[in-house]
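In what follows, a structure is listed as structure tokens, so that the remarks can point back to it.
Every value quoted in this text rests on a predicted model; they were computed, and no experiment measured them. Heavy-atom basis, side chains included; hydrogens, waters and symmetry copies ignored. Here is how names work: the chains are called A, B, and so on, in the same order as the sequence lines, proteins then strands, and each is numbered from 1.
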2 protein chains.
Amino acid sequence: MATSNPGFDGRRAATLRDVAALAGVSIATASKALNGRDQVHPETRERVIAAAAKVAFRPNPMAQGLLRGQTGTVGLLTDDLVGRFSLPILMGAEDEFGSGSVSVFLADARGDAIRQRHHLHAFLDRRVDGLIAVASNTDPRATLGRELPIPVIYAYGPSLDPDDTSLVPDNVSAGEIAVEHLVTTGRRHLALISGDEAYLAARDRTEGVQRAVAAAGLSLVEQVMYGSWSEAWGRTATRALVDRVPELDGIICASDQIARGSLDALRDLGVPVPERVAVLGFDNWEAVVADSRPPLTSVDMNFEALGRAAARRLTQAMSGERHAGGVEKLPVRLVARASTARV
Amino acid sequence: MATSNPGFDGRRAATLRDVAALAGVSIATASKALNGRDQVHPETRERVIAAAAKVAFRPNPMAQGLLRGQTGTVGLLTDDLVGRFSLPILMGAEDEFGSGSVSVFLADARGDAIRQRHHLHAFLDRRVDGLIAVASNTDPRATLGRELPIPVIYAYGPSLDPDDTSLVPDNVSAGEIAVEHLVTTGRRHLALISGDEAYLAARDRTEGVQRAVAAAGLSLVEQVMYGSWSEAWGRTATRALVDRVPELDGIICASDQIARGSLDALRDLGVPVPERVAVLGFDNWEAVVADSRPPLTSVDMNFEALGRAAARRLTQAMSGERHAGGVEKLPVRLVARASTARV
DNA sequence: CTGTTAGCGCATTCAA
DNA sequence: TTGAATGCGCTAACAG
């Protein structure tokens, strides 16, 4: 009769007890059978497995966690959930973890220190096994703490504490790659329209550009122009450039948005791209590069790969590997499109 | 001597046992004291609280969860983590939950059914208390399942199952609001450049536009133009429009990107905006509306509010409130900028 | 090979 | 007012 059914009721999630009862064995034996321990008769194991399948048994992670002192979760603490930059990183990390058996907690501090502490403590209270801190820009940032009981990987914006482990895109290399591409495709009179100088990303890209220009035996046709990250700045700077430098044949813009502004200005001025001037941006932001006229060559910062790398690093650290710490720069890549096509 | 220290060792997280030992009471008493149960001497309570503070005691959520059968976690299952649309929703939800005591698991299925099932089961295995499913567009989608043991809220893309609870932006209303704004600011000869007709969002916005145009005693100067969601389509359609309809004085574009293309085309053609033609978009995508020439009026879909609403709904459902299910449409709002300024 | 026992950390009986 | 005992679901000793 139904009333004599001692265990599984169909609504509540099945427990090991239900499985054991159904298979007619003890809880311990059921556990061993399901966990692949030897010392279990093959036939018994089969019965248990069948019973588990029948009631759709899934071990309660809280019980397992309580026992082994681990939760199988990690925290993703971002400062900029809506931002274009931190998001692909976050996605790469989620992707890397999600394919395994760790689950990812998400929290957005929005660049606010109070909220950051709040979420950090929420994560620690939850007993996450590790943490990835994703910044909203590449400027070095305060550490989350030196004495945290779990490993932390900083992604995008590195920690100021050299003992922490940080992964960042190589913006200097990005600048170099940009120049090399333009030089390779025959440009000689290059200008750089940078972004907001307050950002390390702007200064790093500038450094890379200058280094590669010098290495090519050239020099920029005009002093580096710093401004903002906007299309408007790209337009303004480009108009000034075209005015002052007739021989100009390549414009490096420190972001896709600036480049988009530059393209629009050149169009207004009747300067053909790429025939007379090549234009190149950074970040390879799909929404901008794909639909601009012409499509925009851009340096992709490989954010998703960065996120995956951070996840792998964290996994290593969580499994006990000790790392020296420090900042590791990850490679970037150029995506060529029509705006720099050889003429 | 240090060796006689029975409890807290400084590295391992403090347990209630440590607190109790330090305060010289039993575990049970410590528990009661910290949880505000009465039947505890005020002085004892103080001692316990002090001890807890001293060792930075935080209750282990796995132990608590095991006991009460709840995890205090929810799952956020999105189909489009990088997408502009689902992301603000996700952010709103995270925001709403994060301020409370529930933590948010994140998983991205990328529109893939296999991955979706995988993550769904991962969430269920984790014993999340509830789930928010965020789609990548507003088209109705398959339910995650009728017999799930936890409440689910569908955000953005509604579930096909009418028993499920779904929250979506009101795209029809969005179309109406757009027309009303243009009519109010004196435009009479309106055209609609829509998006990809395969998307419900495009058809809904069209419906709203047509309804409001009729209500204003007007009619569109040209048949609704369906195409893609791109700038290129905005440019193409606009050129055709200007060619065919000299009296045109208002263009409604079904997305900001289309509108951006429209603005660029009008600029190329020498048609002044907003003096001769007003242009309006949808989604209020900051990166597009702010830096376009002129800044673009757009209908904001209030995604963050939608995310927060979904979170609140889920919270209610998790605390036992039964809801009828069905699709609820949430209000949108127009953000006026220069592209539709009254002349 | 299988079952009994113990315990992860906590909250809640119930007895003192 | 306090404390000993119980159990959430599970795994790992150990004993049979």
Side-chain angles (χ1 to χ4, degrees), chain A residues 6-9 11-49 51-52 55-72 101 124-127 129 149, chain B residues 6-9 11-49 51-52 55-72 101 124-127 129 149:
Chain A
F8 185 63
D9 81 20
R11 297 277 334 136
R12 177 177 55 73
T15 75
L16 196 52
R17 192 223 292 285
D18 302 319
V19 175
L22 190 56
V25 298
S26 76
I27 294 181
T29 300
S31 174
K32 291 173 201 160
L34 293 175
N35 289 310
R37 296 267 159 289
D38 40 6
Q39 313 167 327
V40 166
H41 193 93
E43 206 171 79
T44 309
R45 188 187 304 277
E46 267 183 50
R47 256 200 351 268
V48 171
I49 291 178
V55 298
F57 169 76
R58 312 260 48 202
N60 185 320
M62 290 186 290
Q64 292 182 312
L66 199 52
L67 214 44
R68 80 175 56 133
Q70 299 229 332
T71 54
S101 59
L124 294 177
D125 289 353
R126 281 267 171 226
R127 306 293 201 271
D129 298 331
Chain B
F8 186 62
D9 83 20
R11 298 274 337 131
R12 177 177 56 71
T15 75
L16 195 52
R17 192 223 292 287
D18 303 318
V19 175
L22 190 57
V25 298
S26 74
I27 294 182
T29 301
S31 174
K32 290 172 198 160
L34 292 175
N35 290 310
R37 296 268 160 287
D38 38 6
Q39 310 168 328
V40 167
H41 193 93
E43 208 170 76
T44 309
R45 188 189 305 277
E46 268 182 48
R47 262 208 337 276
V48 172
I49 291 179
V55 298
F57 169 76
R58 311 260 48 202
N60 185 319
M62 290 185 290
Q64 291 183 311
L66 199 52
L67 216 45
R68 79 175 61 134
Q70 299 231 328
T71 55
S101 59
L124 294 177
D125 289 353
R126 281 266 172 227
R127 307 293 203 268
D129 298 330

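Taking atom NZ on A:Lys32 and atom P on D:dC14, their separation rounds to 13 Å, with Å as the unit. Rounded to an integer number of Å, the gap from B:Leu34 CG to C:dA11 C1' is 12 Å. Note: CZ (B:Arg47) to P (D:dT1) measures 14 Å, nearest angstrom. Protein atom CG of A:Leu16 is 15 Å distant from nucleotide atom C1' of C:dT4, rounded to whole Å. If you take CZ of A:Arg17 and C1' of D:dG9, they are 9 Å apart, rounded to a whole angstrom. For the pair A:Arg58 CZ and D:dT11 P, the computed distance is 12 Å after rounding to whole Å. A:Met62 has its CE atom 10 Å from the P atom of D:dC10, to the nearest Å. Going from atom CG of B:Asp125 over to atom C1' of D:dC10 covers 15 Å, rounded to whole Å.
Comparing B:Arg45 and B:Arg127, the nucleotide of DNA chain D nearest to each residue sits closer to the 5' end for B:Arg45. With the nearest nucleotide of DNA chain C identified for both B:Arg68 and A:Gln39, A:Gln39 has the one nearer the 5' end.
Contact check, A:Asn60 against D:dC8: no side-chain N or O comes under 4.0 Å of OP1 or OP2. Within the 4.0 Å cut-off from OP1 or OP2 of D:dG3, at least one side-chain nitrogen or oxygen of B:Ser26 is found. The phosphate of C:dA11 (OP1 or OP2) has a side-chain N or O of B:Ser31 nearer than 4.0 angstrom. For C:dC1, the OP1/OP2 oxygens have no side-chain nitrogen or oxygen of A:Thr44 closer than 4.0 Å.
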_Assess the residue pair B:Val25 and B:Val19 against the criterion (side-chain contact (heavy atoms from CB on, under 4.5 Å)); give the C-alpha distance rounded to whole Å, side-chain angles, the decisive distance to 0.1 Å, and a yes or no._
CA-CA 9 Å; B:Val25 298; B:Val19 175; over 6 Å; no
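Comparing atom distances between the B:Val25 side chain and each of C:dT2, D:dG3, C:dT4 picks out D:dG3 as nearest. In the set C:dG3, D:dG7, D:dG3, the nucleotide with an atom closest to the side chain of B:Leu67 is D:dG7. Listed nucleotides C:dT4, C:dG9, C:dT12 differ in distance to A:Leu66; the shortest reach to its side chain belongs to C:dG9. Of the candidates D:dG9, C:dC10, D:dT2, D:dT2 carries the atom nearest the B:His41 side chain, counting heavy atoms from C-beta on. Among the nucleotides C:dC10, D:dT2, D:dC10, the one closest to the side chain of B:Phe57 is C:dC10. Picking from D:dG9, D:dT2, C:dC1 the nucleotide with the shortest atom distance to the side chain of A:Pro42 gives C:dC1.
A salt bridge is defined here as a Lys NZ or Arg NE, NH1 or NH2 lying under 4.0 Å from an Asp or Glu carboxylate O, and B:Asp18 with B:Arg12 meets this definition.
Looking at heavy atoms from C-beta onward, B:Arg45 lies in side-chain contact with B:Ile49 at the 4.5 angstrom threshold.
At a threshold of 4.0 angstrom between heavy atoms, the contacts of A:Gln64 are confined to the sugar-phosphate backbone, with no base atom among them. A:Asp38 comes within 4.0 angstrom of nothing in the nucleic acid, heavy atoms only. No engagement by B:Ile27 is indicated, since no non-hydrogen atom pair under 4.0 Å with the nucleic acid exists. Here B:Arg37 lies in heavy-atom contact (under 4.0 Å) with sugar-phosphate atoms only.
For the residue pair B:Leu66 and A:Met62, the shortest heavy atom distance occurs at N-SD, 3.8 Å. Nearest heavy-atom pair, B:Gly72 versus B:Asp129, reported as atom, atom and distance to 0.1 Å: N-OD2, 2.6 Å.
Atom CZ of B:Arg127 is separated from atom CG of A:Asn60 by 4.5 Å, given to the nearest 0.5 angstrom.
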